[in-house]
Amino acid sequence: MSSRQKFHPIAIASYWLQTIKQWGFYILLLVLNNGLRESFTLLALAAIALLALVQALIKYFTRTYVISPEKIIIYHGFFRKKETDIPYERIQTIKQRQWFFYKPFNIIQILIETAGGSKKEAEGDLPAVAMATLQLLESYRHRAPLENETEQAATHTYHVTDEQIILFGLTDLSILASLTALMAFGTELIPDSWYTNAVTSAEDVFRRGWVFMVGIVFIVLLLIMLISLAKNFFQFYNFKVSRSNQTLTIESGLLERKVQKVPVDKIQGIRIRQQLLRKLLKLSTVEIMLAGGQEQQGENNVPKKLYVFPIISDQTLYPILDALLPEWQMQQPDIVLASTKNSWYFWRWYLLTLPLIGGSFYFNLYVGILSVSATAFFLLCTWLDFRYQGYAIQTESRLCLQTFEALTKVQTFVERPKIQAVTNQTSKWLYPKQIGHTNMAIKTGLGTENLRLKFINQKHQEILKQFYKPLKSPCK
């Protein structure tokens, strides 16, 4: 396939949906402020849909691609033409996606990402191509003849059951953060009449008594659980991770089936998360960290979580992980706690807010209750941080750092060659007490992530420094 090819016509639907998604916020504002019965709203929605269709058609007729034995070339643009060349040796990961309306046509989307990419999206995007195109691409990439190219049998496979997805959704606390953010901006999005009715309804609830309030809270929690279950079921339906030769293949999704192939040697680190609710149930979540070739989210280029196990029991975690990644020889770490006697340095700033909290009750009872609840939450997070923060040197080249993020225990396993730098910090007040901070920089996504141990004793700083020291070239 060395001549220019057009994408499958179903790419028009994909482009159209992408544009509608970009306009989703404005469409929501339009509907909330004017309602669907207004003629202006209907005309505006029709205009947006038509403009999106025109844009989709322009993209479809101005984009082509070439897959040659040496590289992939993507052409796009009409007045300003652009050509993207991706040599096979620069490819970091290849992602395969298939919307439910692609399946009858045996069509997929291919996303090609490189380690040197500088954008949030994939460097190469083939939005609608035949399944055979992926096979051709892989044959050129691995320098294997197409007729001999066969799918390697997976040596180890892990499936997530529907029951596990339900359990994952019921214990997913991230939905609470999303709802909190939505409530914070709700006054800007929701029409004044809706907001006034909500306040009036809330006052009625308070007047009806605590039994009625408990019922309302129960209904709200039930809705949150249903939203969480739906979200996670769509995302992790039929989740499967398998190992074939030197590649991990991760696939999941209901309406949009996603497949990602990750070369084992591209893995920068392994991260195990366990929030308090899942700790009680002895469940964990496992992610892998990549350098480049990882989708970004938010304004700070934070890599999206790439799950190996969205949910797995602690009893089977290490045996299955060791079978999928035998190179890492994973085993449960014996954590050395590094800051258990330095609680004052973690709590001191929160304790200074206690007089302000007392004063908040004088102005408003509900503000006072909210302040106490928030302070109690942050104190609990801080206690977990200093009580369980630590590290484990498992081998001559592998380190595990344990920290707490909010109510979640995070264990990050990293090999010494993957550590970019180690920095020890202290101050003129901490130095006499032999206390400081240690930062380890690891390349993830398109940037660097800093793993930090705070207010640890200097003897632990020295141990971590000596662990990293062999990275430096000896002086001649």
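Note that the numbering runs from 1 along the sequence shown for the chain.
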Going by distance alone, is a donor N or O of one side chain under 3.5 Å from an acceptor N or O of the other, for Glu251 and Thr249?
no

Check whether any side-chain N or O of Gln402 sits under 3.5 Å from a backbone N or O of Tyr388 as a donor-acceptor pair, and report yes or no.
yes

For Thr412 and Arg271, does a side-chain donor sit closer than 3.5 Å to a side-chain acceptor?
yes

Taking the basic N atoms (NZ, or NE/NH1/NH2) and the acidic carboxylate oxygens, is any pair closer than 4.0 Å for Arg141 and Glu138?
yes

Any chance you could lay out the salt bridge (Lys or Arg N to Asp or Glu O under 4.0 Å) test for Glu327 and Arg243, step after step, and finish with the verdict?
CA-CA 12 Å; Glu327 300 86 355; Arg243 170 70 181 264; 2.4 Å; yes

Near-ring test Tyr60/Tyr15, centroid separation under 6.0 angstrom:
no

Keeping the roles fixed (side chain from Ser228, backbone from Met225), state whether a donor-acceptor pair exists under 3.5 Å.
no

Hey, would you say the Tyr65 and Tyr75 ring centroids sit under 6.0 Å apart?
no

How about NZ on Lys21, more than 12 heavy atoms from neighbouring residues, nucleotides or ligands closer than 6.0 Å, or not?
no

Heavy-atom closest pair (Leu384 atom, Ala406 atom, distance to 0.1 Å) is CD1-O, 4.4 Å

First locate atom CD1 of Ile112, then atom CD1 of Ile91, and finally report the distance between them rounded to the nearest 0.5 Å.
5.5 Å

Is there a side-chain contact between Glu449 and Met289 in this structure, where contact means two heavy atoms from C-beta onward sitting under 4.5 Å apart?
yes

Is the backbone N or O of Leu277 less than 3.5 Å from a side-chain atom of Gln275, with the two atoms forming a donor-acceptor pair by type?
yes

Return the orientation label for the Tyr237 and Phe233 ring planes: parallel under 30°, perpendicular over 60°, tilted otherwise.
tilted

Give a yes or no on whether Glu89 atom CD has more than 12 heavy-atom contacts from other residues, nucleotides or ligands under 6.0 Å away.
yes

Is the gap between the ring centers of Phe239 and His159 under 6.0 Å?
no

Would you call Trp99 and Ile10 a side-chain contact if the rule is heavy atoms closer than 4.5 Å?
no

I want to check something: taking the side chain as every heavy atom from C-beta on, are Ser139 and Leu136 in contact at a cut-off of under 4.5 Å?
yes

Within the side chain of Trp16, is there an N or O that forms a donor-acceptor pair under 3.5 Å with the backbone of Ala49?
yes

Are Glu405 and Arg452 close enough for a salt bridge, meaning some N to O gap below 4.0 Å?
no

Within-4.5 Å side-chain heavy-atom neighbours: Lys279 and Lys409
yes

Mind checking the OG-CD spacing from Ser252 to Gln260? Nearest 0.5 Å is all I need.
10.0 Å

Step through the shown structure and confirm whether more than 12 heavy atoms of other residues, nucleotides or ligands are within 6.0 Å of OH on Tyr26.
no

Stacked cation flag Lys71 on Tyr88, 6.0 angstrom / 45 deg:
no

Flag side-chain contact, heavy atom, 4.5 Å: Arg257 against Tyr102:
no

Just checking Tyr307 against Phe236, ring centres under 6.0 Å apart?
yes

Does one side chain, of Thr316 or Ser313, offer a donor that lies under 3.5 Å from an acceptor on the other?
yes

How far does CG of Asp385 sit from CH2 of Trp383, to the nearest 0.5 angstrom?
11.5 Å

Evaluate the side-chain proximity of Val129 to Ile107: yes if any heavy-atom separation is below 4.5 Å, no if none is.
no

Between Gln389 and Lys454, is there a donor-acceptor pair closer than 3.5 Å when you use the side chain of the first and the backbone of the second?
yes

Taking OH in Tyr318 as the centre, count heavy atoms belonging to other residues, nucleotides or ligands within less than 6.0 Å. Is the count above 12?
yes

Does any donor atom in the side chain of Arg278 or Thr171 lie under 3.5 Å from an acceptor atom in the other side chain?
yes

Is the closest side-chain donor-acceptor distance between Gln109 and Asp125 under 3.5 Å?
yes

Between Asp314 and Gln274, is any side-chain donor less than 3.5 angstrom from a side-chain acceptor?
yes

Ion pair Glu123/Arg90, N-O distance below 4.0 Å:
no

